[in-house]
Amino acid sequence: MSPDTQQLLRSLPSVSALLEHEEVKDWLHGLPRNTVVTAVQEAVAAARKAIVEGAVREPVDVHQVLARAEEELVRRSLPSPRRVINATGIVLHTGLGRAPLSDAAIEAIVEGASGYCNLELDLATGERGRRSDHVAQLLRTLSGAEAATVVNNNAAATLLILHVLAGGREVIVSRGQLIEIGGSFRLPDIMRASGAILREVGTTNRTRLSDYETAITDNTAALLRVHTSNYRVVGFTEDVAIGSLAELAHRRALIAIDDLGSGVLFDAKSMGLPDEPCVTSSIAAGADIVCFSGDKLLGGPQCGVIVGKKGLIDRINAHPLMRTYRVDKLTLLALEATLRHYQDLEDAMISVPTLAMLRASPDELADRARALQEQLTKAAPGEEFLVCSDVGFAGGGSMPAEELPTVVVQWRPSRQSAQQAVSALREADSPVVARVRDDAVCFDLRTIRPVDLEPLVASVAAVAWEEGEEPPRGGIPLPLL
Ligand SMILES: *Cc1c(COP(=O)(O)O)cnc(C)c1O
């Protein structure tokens with residue numbers, strides 16, 4: 001360490017000295033001592049690091065350290081997780097909490113959270129009921145299945161189904177369907193954790209019915225189809241339709257399980273959406289058990305829905321592990337309200353935000369883009385905003401190969417790189433998550449809701465501050481400390 005560095009380090013104010021500073025004493029009046037001490041310690045540590053790394057060559061002054069500590073206190077005072085503006089155009093963005101809920105689902109949650117509800121009470125008889133019964137009827141009607149139940153997410157649904165219906169026995173799966181989806185869900189690992197034995201058949205690109213048939217042994221419990229949610233095998237391919245798989249399973253007294261991932265309750269294509277497997281068709285084709293996520297294309301709360309044969313659903317419901325995966329009342333209330341929309345498809349297309357966003361036409365998006373462009377141009381004079389067409393994706397392991405034509409407002413910041421602007425936008429008072437393309441920040445109108453517009457414009461204006469102006473607090477990362 002050079003004598004200069006040592007000199008600079010000696011000039012650093014100590015934590016104890018800073019705690020005696022008038023400004024810090026003021027903070028201590030309103031905040032817990034521990035919080036203030038930690039913020040001051042972190043500010044001193046950051047200054048020390050900057051000196052050691054050679055990023056600072058001047059003596060550090062008390063006010064710089066205190067400013068850094070104050071930044072830290074402001075950051076800690078914010079709720080987390082908190083609301084962010086999704087300008088990525090990815091409707092089902094797992095990092096941003098997937099599906100936004102319908103107004104009816106939100107009302108149901110607010111109502112349920114503020115009081116009591118007959119979660120496990122049959123009001124007619126006064127007896128204890130099963131919580132999933134509240135949605136079972138709707139799910140039966142909408143899917144055509146005999147019975148239905150609900151768990152915390154579709155990963156749990158898959159694990160539970162395999163454990164209860166195939167634990168200790170073989171489950172046959174096509175090699176082309178051994179998926180890995182985000183958040184460390186890998187089918188072979190889930191299979192192992194469930195206690196079922198994975199029997200892979202076929203090849204990556206081609207699996208025939210005869211491959212399943214020859215792999216069946218006395219120890220086989222089920223044939224499993226897994227929807228290749230986040231990838232597609234294209235080219236010289238062959239797979240087996242769920243109907244043929246079910247027919248084979250029944251001929252050999254086995255169970256046909258269909259993990260749809262992002263199941264939809266109607267024919268997606270006929271409603272102007274890219275094709276995704278339909279729960280109702282899978283049941284109609286003979287699948288004994290079908291599972292899917294609540295917060296993918298269904299557009300509801302995070303949960304895993306299981307529908308199928310009554311005898312099998314009864315076994316799942318009766319298993320002790322079911323208790324460990326049970327959903328809370330808020331999830332159930334939101335799911336119920338979401339499912340109600342599907343009783344009238346026209347209503348669902350408008351009221352379920354996921355569907356409305358996915359169906360938004362390029363014309364509609366272009367109108368909204370021009371309105372945003374106008375507001376941005378007014379709020380950040382000197383910056384250029386362009387309306388451009390682009391392509392986006394649904395996300396959440398849905399429709400991976402379907403490029404959705406979309407419209408974005410492009411911003412090439414005049415005083416910073418697009419990458420710097422995107423980072424600063426994430427840390428703005430109203431955080432904005434956007435993507436960079438061709439060194440421009442892109443705001444995709446598909447996922448920007450009307451209520452997001454004003455805060456979005458404010459955040460962009462703050463990040464694109466005028467020369468000579470102070471950078472807004474929280475907007476720009478402090479240069480050195
Ligand atoms: C998404 C997905 C899952 C996991 O669902 P979560 O609701 O995220 O737990 C399981 N299987 C498939 C095929 C999926 O696409």
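Please read these numbers as outputs of a predicted model, since none were measured by experiment. One-based numbering, in listed order, for ligands and for the atoms of each. Start at 1 with the first residue, then count along the sequence.
For the pair Arg435 and Asp390, the minimum side-chain heavy-atom distance is below 4.5 Å. Residues His163 and His319 meet the side-chain proximity criterion, which asks for heavy atoms closer than 4.5 Å.
Atom numbering of ligand 1 starts at 1 in the shown order; those under 4.0 Å from a heavy atom of Ile179 are 12 (C), 13 (C). Those atoms of ligand 1 with a heavy atom of His227 less than 4.0 angstrom away are 13 (C). Counting atoms of ligand 1 from 1 in the listed order, those under 4.0 Å from a heavy atom of Ile181 are 1 (C), 2 (C), 3 (C), 4 (C), 10 (C), 14 (C). Residue Arg98 has at least one heavy-atom neighbour below 4.0 Å for each of these atoms of ligand 1: 6 (P), 7 (O), 8 (O). Proximity to Ser229 (heavy-atom distance under 4.0 Å) selects the following atoms of ligand 1: 12 (C), 13 (C), 14 (C), 15 (O). Which parts of ligand 1 touch Ala155 is read off a 4.0 Å heavy-atom cut-off, strictly below it: atoms 4 (C), 5 (O), 6 (P), 9 (O).
Of the polar atoms of Ser262, none of the N or O atoms is found under 3.5 Å from an N or O of ligand 1, judged by distance alone. Here's the thing with Asn154: one of its N/O atoms is less than 3.5 angstrom from an N/O atom of ligand 1. Considering both main-chain and side-chain atoms, Ser293 comes within under 3.5 Å of ligand 1 through a nitrogen or oxygen pair.
Across all their heavy atoms, Leu298 and Tyr342 have their closest contact at O-OH, 2.7 Å.
Not a single heavy atom of Gln302 sits closer than 4.0 Å to an atom of ligand 1.
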